[in-house]
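Notes follow the structure.
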Amino acid sequence: MTLTGRTALVSALGALLVGFVLPSWLGIAIVQLALLIAILCDLALAAPVRKLRFTRTGETTVRLTGEAPTHLTLTNPSGRTLRAHVRDAWPPSSFHPGSDIAASRHTVRLPPAERRRLTTTLHPTRRGDHHAVRVTVRSYGPLGLAARQGSHHVPWTLRVLPPFTSRKHLPAKLARLRELDGRTSLLTRGEGTEFDSLRDYTPGDDTRSIDWRASARRQDLAVRTWRPERDRRILLVLETGRTSAARIGDIPRLDASMDAALLLGTLAARAGDHVDLLAYDRRIRASVQGRTARDLLPALTDALAPLEAELVEADARGLAAEIHRRTSRRSLIVLFTGLDAAPVEEALLPVLPSLTQRNEVIVAAVADPRIEEMAAGRHSPQAVYAAAAAEQAIAARRHIADRLRRQGITVIDATPAHLAPDLADAYLTLKSTGRL
């Protein structure tokens, strides 16, 4: 039983009125007895809470920047009218801070044997699975003096997908892909190109592309054109150890890597390549294999949605072994990791030769734009010290990147806003030069 603020108000007013005609102790006793009888009657007339029935419908997935209406259908099977406050509780990260909590609270008046649909609109602020906590009902009597309260567990899960903010770059990258894919002929030849057609020679063409036999037949110079091969194998590898947990601005490094992986995966699938995903630190955290181009993006976003960085050192040897198990033929391996000196020198560099021996490897790292800002600061003695530390950090990252490049690895070290488009450009460059 729950007493309301109205109960205290009625008690005070009754004691005040009765006190004028009766002794104070007798008046208080009469008021309390009358109030107790009124409370018990009011409570008896309140609709029971435990008999209420609930069902849920609504959205099950939403992108991080979107909104998701969830519907709670409340049925009153009792013979009394339900006058209630209902709270549909979700985790705090399911709402904008301090602004949407009221959306989970509802006032209901429901006659017997009727039902009502209550809608709670969620605006998630964190990626992952959000689970409904409980539905709490406070059922009041007709006088509003007392209430029954109880909770029901009505399960529902909303999966919040990565926002994929780099999707805006996809049209431009697809346009460049179409140019490489025969609409604009490619004049270079390499491991990843195949013969497309012949065309007339124009000044500036690579003389190695001249087809002398065709030129003799046509009595004019003809050059071969080449186009990138399809059906290449691409493995996106997200290292989910402690370095991926560092926050760059408002998001973890891992989230920026996810965004770049989604853009590259979508682009490569449109190019006709096979794309797989592996997230690993000391064990496999997420995996996508064997999906068609149509199913790839939903599979990637669904696999990445609940992924979180683990506060452990990544096992580079275990990661290399897992990559070898998944790549039986020459592939493009895109490794999303950090460029911190100690983890790279002690763990990653020793295993990279086994990966580069038969694969093309790209290392994609998220740079902190704040470090560049600190390096430019000279307005105070504190800023000078901060600039010196920033320059040291930048020099260390460049040193690690140079060591990786000397092993034939393409290194993309960019801020979160530029990592996805820069990585897509690197992929298209590999296609155009025949290295993939």
Q) What class does the angle between the rings of His123 and His96 fall in, given that below 30° is parallel, 30 to 60° is tilted and above 60° is perpendicular? A)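 Judged by the thresholds at 30° and 60°, the geometry between His123 and His96 is parallel.
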
Electrostatic pair [X]:[Y] at N-O distance under 4.0 angstrom:
| X | Y | answer |
| --- | --- | --- |
| Glu360 | Arg330 | yes |
| Arg242 | Glu313 | yes |
| Arg403 | Glu345 | yes |
| Asp273 | Lys431 | yes |

Are [X] and [Y] close enough that some pair of their side-chain heavy atoms sits under 4.5 Å apart?
| X | Y | value |
| --- | --- | --- |
| Ile409 | Thr356 | yes |
| Leu307 | Met258 | yes |
| His152 | Val49 | yes |
| Arg291 | Asp276 | no |
| Thr65 | Phe164 | no |
| Thr73 | Phe54 | no |
| Ile400 | Arg398 | no |
| Pro91 | Val133 | yes |

What heavy-atom pair brings [X] and [Y] nearest, and what distance separates the two atoms?
| X | Y | value |
| --- | --- | --- |
| Val237 | Leu319 | CG1-CD1, 3.5 Å |
| Thr165 | Lys168 | O-CG, 3.6 Å |
| Thr136 | Ser151 | OG1-OG, 3.1 Å |
| Tyr140 | Ala84 | CD1-CA, 4.3 Å |
| Ala269 | Ala293 | O-CB, 3.8 Å |
| Val351 | Ala320 | CB-CB, 4.1 Å |

Without swapping roles, check the side chain of [X] against the backbone of [Y] for a donor-acceptor pair under 3.5 Å.
| X | Y | value |
| --- | --- | --- |
| Arg233 | Arg329 | no |
| Arg134 | Arg87 | no |
| Arg80 | Leu45 | no |
| Ser94 | Trp90 | no |
| Ser331 | Asn359 | no |
| Arg232 | Ala268 | no |
| Asp315 | Gly318 | yes |
| Arg116 | Arg109 | yes |
| Asn76 | Ser78 | yes |

Q.
According to salt bridge (charged side-chain N to carboxylate O under 4.0 Å, His left out), who are the partners of Arg326, at least two apart in sequence or on a separate chain?
A.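 Per chain and number, Arg326 pairs via salt bridge (charged side-chain N to carboxylate O under 4.0 Å, His left out) with Glu322.
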
Rounded to the nearest 0.5 Å, what's the gap from [atom1] on [X] to [atom2] on [Y]? Could you check?
| X | Y | atom1 | atom2 | answer |
| --- | --- | --- | --- | --- |
| Thr266 | Leu297 | OG1 | CG | 4.5 Å |
| Asp425 | Ile412 | CG | CD1 | 8.5 Å |
| Leu264 | Lys173 | CG | NZ | 11.5 Å |
| Leu419 | Ser257 | CG | OG | 6.5 Å |
| Arg167 | Leu170 | CZ | CG | 7.5 Å |
| Arg105 | Arg138 | CZ | CZ | 9.5 Å |

Q. Which pairs count as side-chain hydrogen bond (donor to acceptor under 3.5 Å, both in side chains) when at least one residue sits in residues 48-63, sequence neighbours excluded?
A.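 Residue pairs with at least one partner in residues 48-63: Arg56-Asp88.
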
Q | Listed once per pair and sorted, the side-chain hydrogen bond (donor to acceptor under 3.5 Å, both in side chains) pairs that draw on residues 362-372, sequence neighbours left out | A |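 Sorted pair list: Arg370-Glu373.
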
If you count the non-hydrogen atoms of other residues, nucleotides and ligands that lie under 6.0 Å from [atom1] in [X], is the total more than 12?
| X | atom1 | result |
| --- | --- | --- |
| Asp402 | CG | yes |
| Arg247 | CZ | yes |
| His106 | NE2 | yes |
| Arg115 | CZ | no |

Would you say the side chains of [X] and [Y] form a donor-acceptor pair under 3.5 Å?
| X | Y | value |
| --- | --- | --- |
| Thr157 | Asp129 | no |
| Thr120 | Thr70 | no |
| His169 | Ser166 | no |

Q) Considering the options Val344, Leu339, Thr410, Asp413, which one meets the side chain to side chain contact (heavy atoms under 4.5 Å, CB included) requirement together with Val363? A)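 Of the listed options, the one satisfying the test is Leu339.
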
Q: Run the numbers on Leu177 and Leu428 for side chain to side chain contact (heavy atoms under 4.5 Å, CB included), then give the verdict.
A: CA-CA 7 Å; Leu177 176 65; Leu428 293 173; 4.0 Å; yes

Q.
Could you go through Ile234 and Leu236, starting from their C-alpha distance and side-chain angles, then the distance that decides it, and tell me whether this counts as side chain to side chain contact (heavy atoms under 4.5 Å, CB included)?
A. CA-CA 7 Å; Ile234 299 175; Leu236 308 175; 4.0 Å; yes

Q) Do His324 and Arg358 pass the side chain to side chain contact (heavy atoms under 4.5 Å, CB included) test, and can you show the C-alpha distance, the side-chain angles, and the key distance before you say yes or no? A) CA-CA 10 Å; His324 284 305; Arg358 64 175 185 177; 3.9 Å; yes

Q: Please lay out, stage by stage, how Leu348 and Leu335 fare under the test side chain to side chain contact (heavy atoms under 4.5 Å, CB included).
A: CA-CA 11 Å; Leu348 187 59; Leu335 177 59; 3.7 Å; yes

Q: Might you work through the side-chain hydrogen bond (donor to acceptor under 3.5 Å, both in side chains) test for Thr240 and Asp281, ending with a clear yes or no?
A: CA-CA 5 Å; Thr240 56; Asp281 42 70; 2.6 Å; yes

